[in-house]
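Here the structure comes first, spelled out in structure tokens, and everything after it is commentary.
Heavy-atom basis, side chains included; hydrogens, waters and symmetry copies ignored. Letters A, B, ... are given to chains in the order of the sequence lines, protein chains preceding strands, and every chain is numbered from 1. Since we're looking at a predicted model, the values are computed, not measured.
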Amino acid sequence: MEYNFREIEEKWRKHWAEQHTYHVSEDPAKEKYYVLDMFPYPSGAGLHVGHPLGYIASDIIARYKRHRGYNVLHPMGFDSFGLPAEQYAIQTGQHPAITTEQNIARYREQLDRLGFNYDWSREVRTSDPAYYRWTQWIFIQLYNSWYNKATNRAEHIDSLIASFAFNGTYNVDAAIDREWYKRMDLSRFHFGEHFSGEFTATDWDVLNDEQKGIILQHYRLAYLADTWVNWCEALGTVLANDEVKDGLSERGGHPVEQRLMKQWSLRITAYADRLLSGLDTLDWSESIKEMQRNWIGRSQGAMVRFMLHGHNGHIDVFTTRPDTLFGVSFITLAPEHELVKRITSPDHEADVAEYIRQTMLRTERDRQSDVKHISGAFTGAYALHPFTGEKIPVWIGDYVLAGYGTGAVMAVPAGDQRDFLFAKHFGLPIPNIFDGVDVSAQAYAEKTGKLMNSGFLTGLDVARATAEVIAELERKRIGYGRINYRLRDAIFSRQRYWGEPFPVYYESDTPRLLSENELPLTLPKIDKYLPTENGEPPLARARREDWTIYHGDRMEYNTMPGWAGSSWYFLRYMDPHNEANMVSPDRVKYWGAVDLYMGGAEHATGHLLYARFWTKFLSDRGYIPFDEPFKKMINQGMILGKSCILLRDTEHPDLYVSFDKQEAYVAAFPSGKGKSADDRFQHLRVDVNLADGDELHREGLRKWQPEFSNAKFYPDDGTFRCGHEVEKMSKRWHNVVDPEVLCDQYGADTMRMYEMFLGPVEQSKPWDTKGISGVHNFLRKLWRLAHDKEGIFSVNDATPTREELQVLHRTLKRVTDDLERLSWNTVVSALMIAVNELTALNSSNKTVLEGICVLLSPYAPHFAEELWSKLGHNSSVTAQAWPVYDMQYLEDTNFEYPVSFNGKTRFKISLPADMLPADVERAVLDTAEAARYLEGKTPKKVVVVPKRIVNVVM
RNA sequence: GCCCGGGUGGCGGAACUGGUAGACGCGCUGGAUUCAAAAUCCUGUUCUGGUAACGGAGUGUGGGUUCGAUUCCCACCCCGGGUACCA
């Protein structure tokens, strides 16, 4: 009987499920290994061939580690809160939970089909109340925490309260917005209008609970505040920075605008420095680490205060080049800057108002795409240079962003190209402060050379000048050295239904938290999944009695963003059914951080950053014993679709031309309208499944869609070729390949091996079904080795020959080495070579096949189980120890040395493998061939690299 | 612009610390088997000159280090990804 993958795969799939083969439990006697896949969002479309790539790779490592004796945690779950289910609910009125449930069932079926060794008893779903109960619990912990910069970790809010009661803000060094006090309604406090955020223990003591609460709000790691947010009208919700790309929403590409809204935020900025330095300890790809570094965007510089001339107050600027302070010729404020209104002089009011109006008209996207255009307006106000006292004009310009630094820059045209262009455009002075540098044509941004015309900094280099100027600023208390981050706090509210409800209610607009033992707060039923008539989030539709818990005047109507549940799910797998804890301390200690994390690189600045943030927080608060969640990560590449392009003659709409016959066709049938060949053909995308490689099935096309039913072809016989375009897999381009079709045709084992064989997992590559037959043939060849011509199982259990053992042990070494360095693709080649060699030896030795069977099992588990049981074993091959290779079978007794003369290989000589280099040299030089190439001359030098090569230099 | 990755046959790719470049697979060539086909097996397949033996060139380009470079160094070109008036 031939290799019947259908029967075999079904049999073992059932067997594994019945026997709970992949169930794992904590076992202190064994070393643990945690392999994790990024869990999928169960969309309605199901899996395509690109999805399983990473799952197959991690499954192979999980199985391999299990063979090596590790206790392997390899779970799977679903990131089941999200937009598509909600949008479907809006259209159909069906509850998102139902859609989600259906999609999960389909995903589960498709995943099972591929034979993954997940322990499904540990499955988690972020939309399950038993799970999001703990997401809500973490939110409460964040709310009840502040970041103590002195200890450099998050602490319970009680330690802050104790400090305030003991000594006020004195000695409190918290991660907090430096200007938080400006956003307080001071009329409710006794501090007076010069309040700078500092108070004494006595001040604190006289505050009532509500007032204390307002102040504490500014210190919490989860806080409610008026925040500039990315509002997306089309989606009806705010978006986090990482959900916005080029001023458009990442999902759907809708325009996004800035709005001031009261929103929950998480103080991720408190962790900016640790998130940055922690990267150095991680075994992640350099590109992801770099993306996170850029996203966090640390820049070192100084804060400088410019007093206003003729007004009270000052402008603070952040600069990375405090050394160029003497080159300042103007100051630019962001048009949104709070001072603009107050300082603009009456004669410039009209200009400034007009400029602001124009700026506001332009969307964020316009402002970004049009960076060449220089614009701005003079406010008529002046600031004073902190050292020279010179009057410096204050301008506004939209190249200054309100959201970064202080929303104000000190412009040094000689040292910054943007300032330079602005100065040129408006005819502002460009004082040169760089000795021996010409700044008449462009700014000098290099950090080398010496300063001039710079007061006490003249003659110094950048490093010295920077140090000196910061020291002087700090001495005069008009500035200080400062590190600035691009990273913003993470907006945590979404105006959606299908997400985690906040464990929050309000008493006269003051947020209150539910107690931990009231959790979970489940989603209430609502009639429609749309915002209310007055623009409140969908949850505002719920009636009081629809909530399982209801306190205060109202509940919180926002829900948490999609990344809330995915920021800690890797912890829940360790202890998924624990009702008393997020995860028990014993279990989290045993399993520890994820050893290998597999997933797409698109989460670099979203999920991966948030998960690191939460891990650090939970670690600070003592709930888990590690502060980086993913030790090693591999990012699988995208599998792209290969679209099939068909050429249609624009003059004969039913006529299609083979791709390789374009010129012949145009020559044979010249266009009546004198069109060139390029204009002659229309490029159509047709279903890739109609093509076998390059060749298109004519009949298939005619039947595919009605518009092709009358198709005529040139040429009409022989091979008809189509063109190709590599692009993202999408229904639109008819280039989606369904893994189920391939599983039906070749089996899951072939599918798994082929996806690995395609190339390095990290690389993006076009899917090409053509090569799959090679891998399928490999499995069939191996099958035939263990079966006779009639298909009856037949192996010989004689002692294997040395040749057979050499094949086995060489393969063993290659496969082991390759798996250890995560080279998935080369393992397949090694196995193919082994089978080819055994076929050539006509060997079906039982011992050898047993070895190969174990090596194969991570890649083709169904096949391996079948063969293993046929070889007479009762145990599962999964439980089998990984074989160890024996050096004595890795070498031949003789080694064939290639002999080179001046680097060119001339002949080969077979010598004993253990011969010493000096003897090899003598033996080589004694040969007749050597004499021929030496032509009587003595070689200058002979290099013998053991077991490699002999190079004779003449 | 800046940062990160990467350029190897007709194609996907291999070469782990500098040591026979092109493993393995696809495709293609020729052959065996077959009435025929499928399936299977064998052979060849970097380009180029040559019937062949054999020779020349060759890992994006140019240079360098080395007995020896796909691998290390310098400069440049191209492709992919990220990011951007970030002060």
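- Both distances falling under 3.5 Å, in either a Watson-Crick or a G-U wobble arrangement, occur for no nucleotide opposite U34(B).
- No side-chain heavy atom of Leu333(A) sits under 4.5 Å from any side-chain heavy atom of Val400(A).
- For Gly759(A) and Asp817(A), each mapped to the nucleotide of RNA chain B holding its nearest heavy atom, the one lying further toward the 5' end belongs to Gly759(A).
- Taking a pair to require two hydrogen-bonding distances under 3.5 Å in either a Watson-Crick or a G-U wobble arrangement, U46(B) pairs with A57(B).
- In this structure, Glu2(A) places its CD atom 12 Å from C1' of A38(B), rounding to the nearest Å.
- The pair Arg814(A)-Asp817(A) fails the salt-bridge criterion, with no side-chain N (NZ, NE, NH1 or NH2) lying under 4.0 Å from an Asp/Glu carboxylate O.
- Comparing the P positions of U66(B) and C77(B) gives a spacing of 28 Å, expressed to the nearest Å.
- Separation of the P atoms belonging to G80(B) and C26(B) is 30 Å when rounded to the nearest angstrom.
- Side-chain contact between Arg298(A) and Ile483(A): present, with at least one pair of heavy atoms (C-beta onward) separated by less than 4.5 Å.
- Contacts of Pro766(A) with the nucleic acid, taken as non-hydrogen atoms under 4.0 Å apart, are absent.
- The same atom, P, is picked in U71(B) and in G9(B); the two are 15 Å apart, to the nearest Å.
- In this model, the phosphate group of G12(B) is not approached by any side-chain N or O of Lys765(A) to a distance below 4.0 Å at OP1 or OP2.
- Taking the six-membered ring for Trp and thresholds of 30 and 60 degrees, Trp767(A) and Tyr754(A) have ring planes more than 60 degrees apart, a perpendicular arrangement.
- The residue Asp416(A) sits apart from the nucleic acid: no heavy atom pair falls under 4.0 Å.
- Residue Glu290(A) has its side chain nearest to C4(B) when only C85(B), C26(B), C4(B) are considered.
- As judged by a 4.0 angstrom heavy-atom cut-off over every strand, Asn484(A) is placed among residues making no nucleic acid contact.
- Among the protein residues, Asn836(A) comes within range of the sugar-phosphate backbone only, with heavy atoms under 4.0 Å from sugar or phosphate atoms but none that close to a base.
- Between A14(B), A87(B), G82(B), one nucleotide has an atom nearer to the side chain of Asn825(A) than all others, and that is A14(B).
- Residue Asn777(A) places at least one side-chain N or O closer than 4.0 Å to OP1 or OP2 of U40(B).
- Distance Ile639(A) CD1 to G80(B) P: 20 Å, rounded to the nearest Å.
- With both pairing distances under 3.5 Å, A39(B) is matched to nothing as a Watson-Crick or G-U wobble pair.
- Counting only heavy atoms from C-beta on, Ser773(A) has its side chain closest to C26(B) among C4(B), C26(B), A23(B).
- Side-chain atoms of Leu855(A) and Tyr64(A), non-hydrogen and from C-beta on, never get closer than 4.5 Å to each other.
- As a whole-Å value, the separation of Met303(A) CE from A87(B) P is 14 Å.
- Between U20(B) and Arg906(A), no contact under 4.0 Å exists linking OP1 or OP2 to a side-chain N or O.
- Nucleotide U71(B) has no partner under the Watson-Crick or G-U criteria, as no pair reaches both atom distances under 3.5 Å.
- Between A84(B) and Arg486(A), a contact under 4.0 Å exists linking OP1 or OP2 to a side-chain N or O.
- Spacing between U46(B) and U59(B) at atom P, rounded to whole Å, works out to 16 Å.
- Rounded to the nearest Å, the gap between the C1' atom of A75(B) and that of U65(B) is 15 Å.
- G19(B) and A37(B) have their P atoms separated by 48 Å, given to the nearest Å.
- When distances run from any side-chain atom of Leu401(A) to the nucleotides G19(B), A87(B), G12(B), the shortest one goes to A87(B).
- Base contact: Val409(A) has a heavy atom under 4.0 Å from a base atom.
- Rounding to whole angstrom units, CE of residue Met832(A) and C1' of A14(B) are separated by 13 Å.
- Taking only side-chain atoms of Lys908(A), from C-beta outward, the nucleotide of A14(B), U20(B), C41(B) with the closest atom is U20(B).
- G5(B) and C79(B) make up a base pair, with Watson-Crick or G-U wobble contacts both under 3.5 Å.
- By the 30° and 60° cut-offs, the orientation of the rings of His787(A) relative to Trp783(A) is parallel.
- Lys289(A) comes within 4.0 angstrom of nothing in the nucleic acid, heavy atoms only.
- Residue-level contact check: Arg780(A) touches the backbone only, with heavy atoms under 4.0 Å from sugar-phosphate atoms and none from bases.
- Note on Arg814(A): every side-chain N or O is 4.0 Å or more away from OP1 and OP2 of C16(B).
- One C1' atom belongs to C28(B), the other to U43(B), and the distance between them is 13 Å to the nearest Å.
- Across all strands shown, Arg293(A) has no heavy atoms under 4.0 Å from either base or sugar-phosphate atoms.
- Among the nucleotides C24(B), C67(B), C26(B), the one closest to any side-chain atom of Val943(A) is C67(B).
- Atom NE2 in His787(A) sits about 17 Å away from atom C1' in U40(B), given to the nearest Å.
- Heavy atoms of Ser287(A) sit under 4.0 angstrom from primed sugar atoms or phosphate atoms, though from no base atom.
- Using a 4.5 Å cut-off on side-chain heavy atoms (C-beta onward), Arg752(A) and Tyr859(A) make no contact.
- For the C1' atoms, the distance linking G12(B) with G6(B) amounts to 16 Å, nearest Å.
- Atom CD1 of Ile483(A) is separated from atom C1' of A87(B) by 16 Å (rounded to the nearest Å).
- Remark: C1' of G19(B) and CG of Asn951(A) are 9 Å apart, rounded to the nearest angstrom.
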Working note: Gln292(A) + Arg612(A), criterion side-chain hydrogen bond (donor to acceptor under 3.5 Å, both in side chains); need CA distance, chi angles, decisive distance, verdict. CA-CA 11 Å; Gln292(A) 290 209 349; Arg612(A) 293 183 61 218; 2.7 Å; yes
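- Syn is the glycosidic conformation of G9(B), whose angle stays within 90° of 0.
- Residue contacts shown for Lys813(A) are absent, as no nucleic acid heavy atom lies under 4.0 Å away.
- Mapped onto RNA chain B by nearest heavy atom, Val775(A) and Ile288(A) fall at different nucleotides, with Ile288(A) at the one closer to the 5' end.
- Here the side chains of Val835(A) and Ile833(A) are not in contact, with every heavy-atom distance at 4.5 Å or above.
- In this entry C24(B) has G12(B) as its Watson-Crick or G-U wobble partner, both defining distances falling under 3.5 Å.
- For Gln763(A) and G13(B), the shortest distance from a side-chain N or O to OP1 or OP2 is below 4.0 Å.
- Of the candidate nucleotides A87(B), U40(B), A15(B), A15(B) has the atom lying nearest to any side-chain atom of Arg821(A).
- Here G81(B) presents its P atom at 8 Å from CE of Met638(A), a figure rounded to the nearest Å.
- Base pairing of U51(B) is not made with any nucleotide, judged by Watson-Crick or G-U wobble geometry with both donor-acceptor distances under 3.5 Å.
- Ring-plane geometry between Phe901(A) and Phe907(A) is classed as tilted, the angle between the planes lying from 30 to 60 degrees on a 0 to 90 degree scale.
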